Structures are given as C-alpha cells and as structure tokens.
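Heads up: the structure comes next, in structure tokens.
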Amino acid sequence: MMRSSVTKPIPAGAPVNIYASVQRITSFGGGVCQNNVSFTPIAGHNYSVLQRSAVWQSCSIDVVDTSTNLVPLDLKQDNSVECVETEKLQASK
C-alpha cells in the first residue's frame, strides 16, 4: 500500500473541490476507483483528507476539520464515477 502526505494551502471562504483516483492491477483484472468531494474551508482551520481504498474496487474520501475533529458541515461527495472496471486479464494457455 502506498501512502503519501502533502500539506498544501487552500483559500478560506471559497468552495474547494478535491478529486482522488486509485488504480489497481491484479492477476484477475484492473480497475479505477475515483472520488470527488467539495467543501468550504474556514480561515485558521486545518483539514485532513484521506482516500481509503479496499481490495475489490471500493474507495471513499474522508475529510475532517482537525481543528474540531468534525466533518465540514457543507461537505458534498460525488462518487458517480466510482469503481470503473477497466479490463479483465486472462493468462494464456
């Protein structure tokens, strides 16, 4: 599993859109799992954004205001493009 941590400044008071994608390739096939979220940051607050991914093409994004340990009140999740299977692979005989 690959993890990375990045800190980036975001403007307060205007909606922020976050798109995340994870691609899987296994001996059984492959797929892409995508998430989109948006929320309006509050000045002086910090946020944690984490995309969680399960083995079989399931993923989600968690957003937490680390100043309050709560989810932003206006958080919107659009997972309409989540978990798209790209192809199935078959071993040759």
Side-chain angles (χ1 to χ4, degrees):
M1 176 175 17
M2 183 175 152
R3 289 183 179 246
S4 63
S5 178
V6 177
T7 300
K8 295 195 175 218
I10 55 176
V16 171
N17 297 304
I18 298 172
Y19 167 82
S21 176
V22 62
Q23 182 174 7
R24 292 178 197 78
I25 298 174
T26 69
S27 58
F28 300 109
V32 177
C33 198
Q34 302 168 329
N35 301 109
N36 298 295
V37 297
S38 65
F39 68 99
T40 305
I42 299 171
H45 288 225
N46 295 306
Y47 298 87
S48 171
V49 179
L50 175 67
Q51 184 183 37
R52 296 182 184 276
S53 176
V55 176
W56 296 108
Q57 297 182 339
S58 173
C59 61
S60 62
I61 292 184
D62 296 333
V63 179
V64 175
D65 180 339
T66 58
S67 304
T68 63
N69 287 324
L70 298 173
V71 173
L73 292 176
D74 67 340
L75 181 69
K76 294 179 186 148
Q77 297 202 22
D78 175 13
N79 295 328
S80 59
V81 292
E82 180 179 0
C83 305
V84 178
E85 186 175 324
T86 55
E87 65 180 86
K88 290 187 177 179
L89 305 176
Q90 183 176 4
S92 59
K93 294 182 181 183

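Please read all numbers here as calculations on a predicted model, not as lab measurements.
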Pairing donors with acceptors under 3.5 angstrom, does anything connect the side chains of Gln51 and Asn35?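 Per modelled atom types, Gln51 and Asn35 side chains form a pair under 3.5 Å.
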Side-chain heavy-atom pair Tyr47, Ile42 within 4.5 angstrom cut-off: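 The answer is yes, as the side chains (C-beta and beyond) meet within the 4.5 Å cut-off.
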Once side chain to side chain donor-acceptor pair (under 3.5 Å) is applied, do any residues pair with [X], and if so which ones, sequence neighbours excluded?
X     : result
Asp74 : Thr40
Thr68 : none
Asn46 : none

If you take all heavy atoms of [X] and [Y], which pair is closest and at what distance?
X     : Y     : answer
Gly44 : Ser67 : O-OG, 4.2 Å
Pro41 : Pro11 : CG-O, 3.5 Å
Phe39 : Ile18 : CE2-CD1, 3.9 Å

What verdict does the side-chain contact (heavy atoms from CB on, under 4.5 Å) test give for Gln77 and Asn36, after you've listed the backbone C-alpha separation in whole Å, the side-chain angles of each residue and the deciding distance to 0.1 Å? CA-CA 6 Å; Gln77 297 202 22; Asn36 298 295; over 6 Å; no
Out of curiosity, does Val64 fall in the hydrophobic cluster containing Leu75 (side-chain heavy atoms, cut-off under 4.5 Å, transitive links)?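 No, because Leu75 and Val64 fall into different hydrophobic clusters, even though each may have its own neighbours under 4.5 Å.
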Tell me whether Ile61 shares a hydrophobic cluster with Val16, the cluster being built from Ile, Leu, Val, Met, Phe, Trp, Tyr side chains joined at under 4.5 Å.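 Yes; Val16 is reachable from Ile61 via cluster members.
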So which of Val71, Val49, Leu50 actually passes side-chain contact (heavy atoms from CB on, under 4.5 Å) with Val63?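 Among Val71, Val49, Leu50, the one meeting side-chain contact (heavy atoms from CB on, under 4.5 Å) with Val63 is Val49.
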